[in-house]
Structures are given as C-alpha cells and as structure tokens.
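Taking it in order: structure first as structure tokens, then the write-up.
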Amino acid sequence: MVKLGGTAYKAPHAPIGVGFLIRNWPSLPQVSNLREPESAKTIGEKTVAKAKEKEQENVSYEESQLYRIRHSAAHVMAQAVMEMFPGEAKIAIGPPIEDGFYYDFDLPRNLTPEDLEAIEKRMRQIIAGKYPFEKKVVGAEEAKTLFADQPYKIELIEGLEEGGVDEYGEPLDEQPEISFYSHGDFTDLCRGPHVEHTGQINPSAVKLLSVAGAYWRGDENRPQLQRIYGTAWQNKKDLDDYLWKLEEAKKRDHRKLGRELDLFSTSEEVGAGLILWHPKGGLVRKTAEDFMRAQHEAGGYDFVYTPHIGKANLWQTSGHLDWYQDGMYAPLDIEGQEYYLKPMNCPFHIHIYNSKMRSYRELPLRFAEWGTVYRYERSGVLHGLLRVRGFTQDDAHHFCRRDQMPEEIDFVLDFSLSVLRAFGFENFQAYLSTRNPEKFAGSVEDWEAPTEALRQALERAGVSYKIDEGEAVFYGPKIDIKVTDALGREWQLSTIQFDFILPERFDMSYIGEDGQPHRPYMIHRALMGSMERFMGVLIEHYAGAFPIWLAPVQAVLIPITDDHLDYAFDVAGKLKAAGIRAEVDDSPSRMNAKIRAAQGQKIPYMLVVGDKEVEAGQVAPRLRSGENLGGIPVDDFIARAREEIERHL
RNA sequence: GCCACCCUAGCUCAAUCGGCAGAGCGAGCGCUUCGUAAGCGCUAGGUUAUGAGUUCGAUUCUCAUGGGUGGCUCCA
C-alpha cells in the first residue's frame, strides 16, 4: 500500500501529559491574488460538501484515475530530470500523494527554481508525445541488469526479491512481482497503475511546486536526496482550485496574520520557539481562556497552580528522565541540587493528589491547570505558533475509581467536543489507539476495560472514529480528536489518554469503601492542546477575522470629520460600559482610509458617525463583509452586539 | 539536527559585475474636514542579522554564529 501523503501527514503520538496538536496538511507555495472570503464558515461548508461528494463516488484514491495521472506524471517528471543529467541522475522513488506526487533524486548539483521550469516544460513535451505506458513483469536478475547504474533501484529490487518489504520499505504479506513500466524511452521499476499513454495527463493541469531535501527511505542516516513536489489534476479548473486553496492557506498563515494583526511575535534575542503575546493576541487568548475556565469550573474541575521547575528526583520517579530526557532541557544547579524545567505537568498534579489521604468519596478529582511547559525541539522543526519550545497546555488530570471510569470518559469526550464546537469547529474525526503488543505496561487484562470504555464512549458520543491498531503509547490507550478547519485541513487538537504507569510509580491510592487502599485510575487530557498551537489553528481557521466574542477590537468608531470626535468618544464610552471592546479612530486620515484600516484589522463593526448620527443619536455600522446597516440608535447597536457576543457568533 | 534557500528601515521589497544604500506602505509633524477600502506635503528612520577573514575598500566574496523559509527526520 502506498503511504498516502507520506509520514508528514501522519499524526504524531501525543506524549504523556499531552499538548501536541499537529497540522495535518502540508504547506506549499502559493500563487495569485484572491478576494477575501465573506466568512470562514461559508468556505467550510463548501469544502465539506465537496468532500462528501468525493466520498459518494465510492472509489478509493488508489483506484482513481487521478491517482494514475499523478503516478504517471511522476514518471514523466523523472524522465525529464534524467534527461537533464544524462548518466548522472540517480532516481529513487516517486509516488502519488494527497493532492499530487513527488519524486526523489540523487543529482550532481542542487536544483533551482529555473530547473523546475525547464523540467515542467520538458514534461509538457513528453505528455504531447502520447507515449503509451507499457508494463512488463521481469525476474530479479533481469531487473538488476537493467538498473545496473541505479543503486537505489537495485536496493528496491533486492527488497522485493527478498520479499517482506515493498518499494517504500513497508512490510508486505506476499512475495511481490517485479514489474517495470515504460513510456517512450523511460523505464521505471513500478507496480503501477498508470494511465494508458502520457497524453492522458492534462498538460494544463500539472504544476511543479517545490524542491526539498528528503532522506532516502526517510532515514536520517542515509543519503539525503532532492525531492521535487508536483501536483496534477484532471483539468485546469481543479488545478486552479487547488492553487487557490494554497493561496488562501498562505493568506491565512498565522505567522503573517500574527504580525499584521499585531497578535504575537518572536524575537531573535529572546530565542527561537518562544512566543511573545502582544496586547491584541493576548486579548484573544485571554478571552478563550476565560471561556474555557468558566466551562471547566462548571464541569467540576478544580484549578491548581504548579511551579515551572522540579527536582531531578521527581522526574526520575515519573520516568521522564528515562523516557523523555531528549525532550527536556539541561538541569539547573540550585545549591548543589539538580532541577529540571518541566516538560509536563502531571507529576505536580499527582503530588497535589498525594498531599493527603484520599477517600473514594472524593473521586473523581479533576485537576486543571494552564500549565506552561518547555520541551526541546530541534531547530528545524520549529514553526510559528504550531511548534514551539515553550507553551501553555490546557492540561488536566482526572483521578477516578475503576467503576467511575466509563462515566469519566464519557464526560471528558463530551466536554471536549462541546468546547471545540464553541470555537467554530464542526467536523471531528477521532482515533482510538490500541495496545502495542510489542510495547505496553501492565497486563493485557489491564488494557481491555479502558480500551473498551474508550471505544464505547466514542460510540455513545456518535463521533466518527477509526482504530489505530497498536498505536497507543506504552502506558495506556488514548483517543485523539482531529478537527477540520475552514479550508478542510485536519488538525489534531484534543487528546485523552489513559495512564497505567504514573499512579503506580507515585504509589497513588485512595481508601475504598472496604477500608482498604486502592490504586486510582488516571486520565491525562488537553482539549485545546497548547494555547500557542490552538491560537495558531484558530487564526488560520478564521483567517484572522475572529468571531465577535473573540475579536480583540469588537467595534471601531469612525468619525467622518474631527467635529464628530467628541460624539465618537462618547459612544465608545457607552459601548465600553456595556462590555464591548470599542476604540475610536482619531487619526488624521479621511474616513475612507479609516475604513480601509479597520477592514485590514478585520474588526467586526465599523461604526461611522457623521452629522446625521450625531443629530439622531445613532451609529451607522458597517460589517467586515462590506454591508452597510445604515443609521441605528446606539442602544439598539449595543443590544445587537451584546447578543452576538453572548451567543458566540 | 540534516539538505536547500534566505536575512537590506517597523513591514514589503529595490540597488551595488567589490566603490556615497533607495522606494512604497507604516510612523511623527503640518495642511485638508471629507459619508463607506488608500487626500496632500514635509521629516525622521540603516554599523545592510552578529562576529571574524580576504581586500586599498565588504552590504556584496569566504568562514563561523544567530534567526527564518521549504522539506526530511524527530515529536515515549
């Protein structure tokens, strides 16, 4: 089976204590200039509708014509590259991936953007030649002879010959046949399928996108190859739609919007992967946190606070120094004692639990903390808000009795979905990771009940879920929830994890009804994951046009002339008194420029005030969409805005 | 961390085959007082990321460091 999208698309295992949400979509270059969409929601609906259409076609991607086109395009590209470096180009593999294809090459020099143009041009010529694709099954020896000067192919053939792995290094059940596909004078080791002839690739629906380094077989100890990414579609319109999506994604890039909307920054002097929240970004974050805090309080959580460092022994007990040291920073020496910056909050929460004797009557306990943790990330993986070195998790740990477990899981799952919905996410996909037979703590029986409890909770919640067999981390099964954003991209946000290890290691207990000590169950969970990443996803989801309840500035007063300034400040005062975040644009610019500036800041309401409004005690609201509501009384506007804020519109 | 590319004013970008560093936007100040996406003018703003080297001379070439971009790898 071809690995669709490759490893880049695979969600990571969230570590104990959680907090990882990973973008499940590649970022790619973009193209033209496009109009801003009316709202994130509209695009979301369209995208979802489209995805459903695709599902109804009921043909798997691997069986589709599009898959053949992309696979064939990869071959055509390989031919063009081989011709560019006669006798010197070594070819590796080139599969179709989600939205396109790539091919890996070992070349005598680095490719430039100009090279891509030349390759693309040559590809069009090959396509125009309508060369038929021909398949030929051969023996291993013959195959090796044919690819005598292609070391990567030889390695692949040997893999096929021995059986056990396919050309992507994935395990195989059956002994595969060795087949070639040829078109024109290019032949590649390949199992297909392909289109009938190169003419079936639409030359106006193919585009090469980028070149990047990639390790042979994804192994950083093997040679690094040059990977050319391309995209291919059935027709020009599909290509244009795809390029539009890339462009739209680029415009929504939270790093760009973060600067334009003055939400956050990083500083070379502060350090890589460390986020500085500006007042506006801080306001959005605080609003989200306040909302979440209220939800948690209503949901029976207790808020706790814990320090940022802890002694080496703590991390020894928790197992972090054995299992997670690579993710931790070097210890600090404090009066001869080693302290570590915390990569997770759980040991502290456990110590709060252990600070006194617990009775079964107290359980379940739910300790929540906006806990800031620090994890070592290699410099090359840092990315805006999405991958950082210091971040704040909306972390919580549930401690419960065995009999409370199903209810506790139901609760946390429902809770997760309800809060995600509050932030405008509508489509969820859950993944249940089950025991890895090679690597698990406790007994097989220990795993059965919690795994089944998680599965049943997913059933009861009516969430669509898939089972990731053997994908659990060693200490327990887990549920990961991915959301689909306004552009149809998937992001892993929440994670709910069982833990068999820490209660044991910290010798946690409670006194049961029988007067005997019992070991509590422990659940780690983070719903937003980390505030940094969640904000990054939110910014991209809304394209910076936050719903009014989250918008840092909810209304800006735009006086037409300076004569209206007093009135504008007067109205702004009333709005603020009513709990609406309002500002007055008292810059010396003209009204048109003020509107333009406010549009750029994506402020929900622009309240124009001139002679008419002053006279009538009104404001003339303009929406971000450009809609002009005309003059309405100030009190009516306040009522309208208040309602929208309260209803999270 | 690895491969490639990049770092010039707050932002977006010019320029210098190695020879006085520029524009637009933004900012400050002034003029204008205007009805739904850019009014006009003036001014300030730079050790060309940092440090070394080569050179008569380095923003330009070399090396190192820091930061970034796209991938890869990693993320119990």
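Numbers restart at 1 for each chain; the letters A, B, ... are given by sequence-line order, proteins then strands.
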Identify which nucleotide among B/G35, B/C74, B/U33 has an atom closest to any side-chain atom of A/Thr561, counting heavy atoms from C-beta outward. B/U33
The contact string for nucleotides 39-45 of chain B, one letter per nucleotide 5' to 3', using protein heavy atoms under 4.0 Å with B, S and - for base, sugar-phosphate only and none, comes out as B------
Dot-bracket line, read 5' to 3' along RNA chain B, where crossing pairs take [ ] and | marks a partner on another strand, Watson-Crick or G-U under 3.5 Å: (((((((..((((.....[..)))).(((((.......))))).....(((((..]....))))))))))))....
How about A/Gln497 and A/His524: does a side-chain donor come under 3.5 Å of a side-chain acceptor? no
Between A/Ser379 and A/Ala620, which is nearer to the 5' end of RNA chain B once each is assigned its nearest nucleotide? A/Ser379
Determine the interatomic distance between P on B/A15 and the same-named atom on B/A44; round to the nearest Å. 25 Å
Can you tell me how far C1' in B/U8 sits from the matching atom in B/A21, rounded to whole Å? 8 Å
Contacts of type ring pair (Phe, Tyr, Trp, His ring centres under 6.0 Å), residue A/Tyr567, not counting sequence neighbours: none
Here's one to test your reading of the geometry: is the NZ or CZ of A/Arg227 within 45 degrees of the ring axis of A/Tyr102 and under 6.0 Å from its centre? yes
For A/Asn110, which contact category applies under a 4.0 Å heavy-atom criterion: base, sugar-phosphate, or nothing? sugar-phosphate
So, A/Tyr324 versus A/Trp315, ring centres under 6.0 angstrom or not? no
By nearest nucleotide on RNA chain B, pick out whichever of A/Met591 and A/Arg259 is the more 5' one. A/Arg259
Report yes or no: does A/His254 contribute a side-chain atom to a donor-acceptor pair with the main-chain N or O of A/Val537 at less than 3.5 Å? no
Lys/Arg N to Asp/Glu carboxylate O, A/Asp485 vs A/Arg252, below 4.0 Å: no
Report the nucleotide, chosen from B/U33, B/G68, B/C72, that has the shortest atom-to-atom distance to any side-chain atom of A/Ala272. B/G68
Are A/Tyr103 and A/Phe105 an aromatic pair by the rule of ring centers under 6.0 Å? yes
